[in-house]
Amino acid sequence: FVLKTFKAISGTLDVTNTLSVSAAGNDNLFSAQGGIGFCADGGNGGNGFGGDATFNLDGTATITATDLIVDTTGYGGSGGDGRQSFSGTFDGGPGGNGGTGTGGNAVFNNNNGTLAFATLTVTAEGQGGQGGSNLGTSTGDARDAGGDGGDAFGGTASLNLNQPDASAPDYTVSANAIGGIGGSGTQGGDGGDATGGTAEVIVTDVDVVLDQTSITANGTGGIAGGPDAIAANGGSGGSGTGGTARVEVSGAGGSISIGGTTFVLSSDGTGSDGADGYYQFGGGIDGGDGGDGGDGTGGTSEIIARTGA
């Protein structure tokens, strides 16, 4: 059951399994892919931009579901491969680059009413598309470079708790970004860079219990593409930059209790390893250069109490 905006004011809704409010850009399977180039270049993957998805619980509404999801993930499409002719007479061109994935704005507002669920996930992630490869007639027979993985940018994922809640459901709030994987070829494609967005839980003038809770805005660089020819070079790993992960409580009646065994507040930035260059056991053939590792830069993780909390 998928919607873009959900506004509950009165009445009752029972959902057997998952209630999803979604405004994703592309999907994570076979979407916005670049075309294969037979004896030609592979096409670039399309970009994916998440939109705006909002869940509002207000008034006297009663909602029951096992899992609730608000999702605005942006998925970059994969680059197409460049392929040789079946006879091997004509070479393919370089693989296409992966598309950029950018998360949108995902918001859950718990204002009034009754809500019963086991898990709530608010996601505004960005995932870069995988670079295409240059493919020969056999392994190790590439004739051109692999495409670069697409960059990724997290969006904004917000969980706003404005009424008391002692039921302690599992919360996941994520604005992570993951760079795309580089393609293989005579030069491995570079992994895509990734920058986390903003993931936040805002508590206003009420008492809530956070049980199993994860609030993350991590940036993880894409994996470098490897060599697929004699003396081929490895690609460089993507860089990762953390965003902002925040818990904020305000108002004289505002308080948060940590009741579970897992509470994660993370804005890590992690660069990916560079790929090894081509090598042959026993020597006799010059090896390829290894790729550079990506940079990792942490973001901001903060817990804020203000205005009398």
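Since this is a predicted model, take the numbers as computed values, not measurements.
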State the [atom1]-[atom2] distance between [X] and [Y], to the nearest 0.5 angstrom.
{"X": "Leu57", "Y": "Thr114", "atom1": "CG", "atom2": "OG1", "answer": "7.5 Å"}
{"X": "Asn44", "Y": "Asn97", "atom1": "CG", "atom2": "CG", "answer": "5.0 Å"}
{"X": "Asp71", "Y": "Leu68", "atom1": "CG", "atom2": "CG", "answer": "13.0 Å"}
{"X": "Leu161", "Y": "Phe108", "atom1": "CG", "atom2": "CZ", "answer": "8.0 Å"}
{"X": "Asp170", "Y": "Ser214", "atom1": "CG", "atom2": "OG", "answer": "10.5 Å"}
{"X": "Asn218", "Y": "Thr195", "atom1": "CG", "atom2": "OG1", "answer": "12.0 Å"}

Q: Flag yes if Val122 and Val249 sit in one hydrophobic cluster, no otherwise; membership is Ile, Leu, Val, Met, Phe, Trp, Tyr, and two members link when side-chain heavy atoms are under 4.5 Å apart.
A: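 Yes: a chain of side-chain contacts under 4.5 Å links Val122 to Val249.
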
Between [X] and [Y] (side chain of the first, backbone of the second, donor and acceptor by atom type, cut-off under 3.5 Å), is there such a pair?
{"X": "Asp228", "Y": "Ser184", "result": "no"}
{"X": "Ser239", "Y": "Asp295", "result": "yes"}
{"X": "Asp58", "Y": "Ile9", "result": "no"}
{"X": "Asn134", "Y": "Gly93", "result": "yes"}
{"X": "Asp81", "Y": "Arg83", "result": "no"}
{"X": "Asp207", "Y": "Gly253", "result": "no"}
{"X": "Asn47", "Y": "Gly99", "result": "no"}
{"X": "Thr119", "Y": "Pro169", "result": "no"}
{"X": "Ser267", "Y": "Thr300", "result": "yes"}
{"X": "Glu302", "Y": "Val247", "result": "no"}

(Q) Does Leu19 form a side chain to side chain contact (heavy atoms under 4.5 Å, CB included) with Phe55? I'd like the steps, not just the answer. (A) CA-CA 10 Å; Leu19 173 58; Phe55 188 117; 3.6 Å; yes

Show the nearest heavy-atom pair for residues [X] and [Y], with the distance to one decimal.
{"X": "Ala224", "Y": "Gly237", "answer": "CB-N, 3.8 Å"}
{"X": "Ala32", "Y": "Asn26", "answer": "CB-ND2, 3.6 Å"}
{"X": "Gly179", "Y": "Ala194", "answer": "N-CB, 3.6 Å"}
{"X": "Ser85", "Y": "Thr89", "answer": "OG-N, 3.2 Å"}
{"X": "Thr123", "Y": "Thr73", "answer": "CG2-OG1, 3.4 Å"}

Donor-acceptor pairs under 3.5 angstrom involving side-chain atoms of residues 124-131: please list them, not counting sequence neighbours.
from: Glu125; atom 1: OE2; to: Ser174; atom 2: OG; distance (Å): 2.5
from: Glu125; atom 1: OE2; to: Asn176; atom 2: ND2; distance (Å): 3.4

Q | Residue list, salt bridge (charged side-chain N to carboxylate O under 4.0 Å, His left out) with Asp91, at least two apart or on another chain | A |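 Scan of Asp91 (salt bridge (charged side-chain N to carboxylate O under 4.0 Å, His left out), adjacent residues dropped) gives Arg143.
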
Q.
Apply side chain to side chain contact (heavy atoms under 4.5 Å, CB included) to residues Leu120 and Leu159 and explain how you reach the verdict.
A. CA-CA 9 Å; Leu120 169 63; Leu159 170 59; 3.6 Å; yes

Q.
Counting neighbours of CD1 on Ile223 that are heavy atoms of other residues, nucleotides or ligands and sit closer than 6.0 Å, is the number greater than 12?
A.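 Atom CD1 in Ile223 is not crowded, with 12 or fewer foreign heavy atoms closer than 6.0 Å.
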
Q) In terms of heavy-atom contacts, does CZ of Phe263 have more than 12 from other residues, nucleotides or ligands at under 6.0 Å? A)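 Count over threshold, so yes.
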
Modelled atom types, side-chain donor and acceptor of [X] and [Y], under 3.5 Å:
{"X": "Asn110", "Y": "Gln163", "answer": "yes"}
{"X": "Asp144", "Y": "Thr186", "answer": "no"}
{"X": "Ser266", "Y": "Asp268", "answer": "yes"}

**Q.** Heavy-atom check, side chain of Tyr278 versus side chain of Ile230, under 4.5 Å
**A.**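 In contact.
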
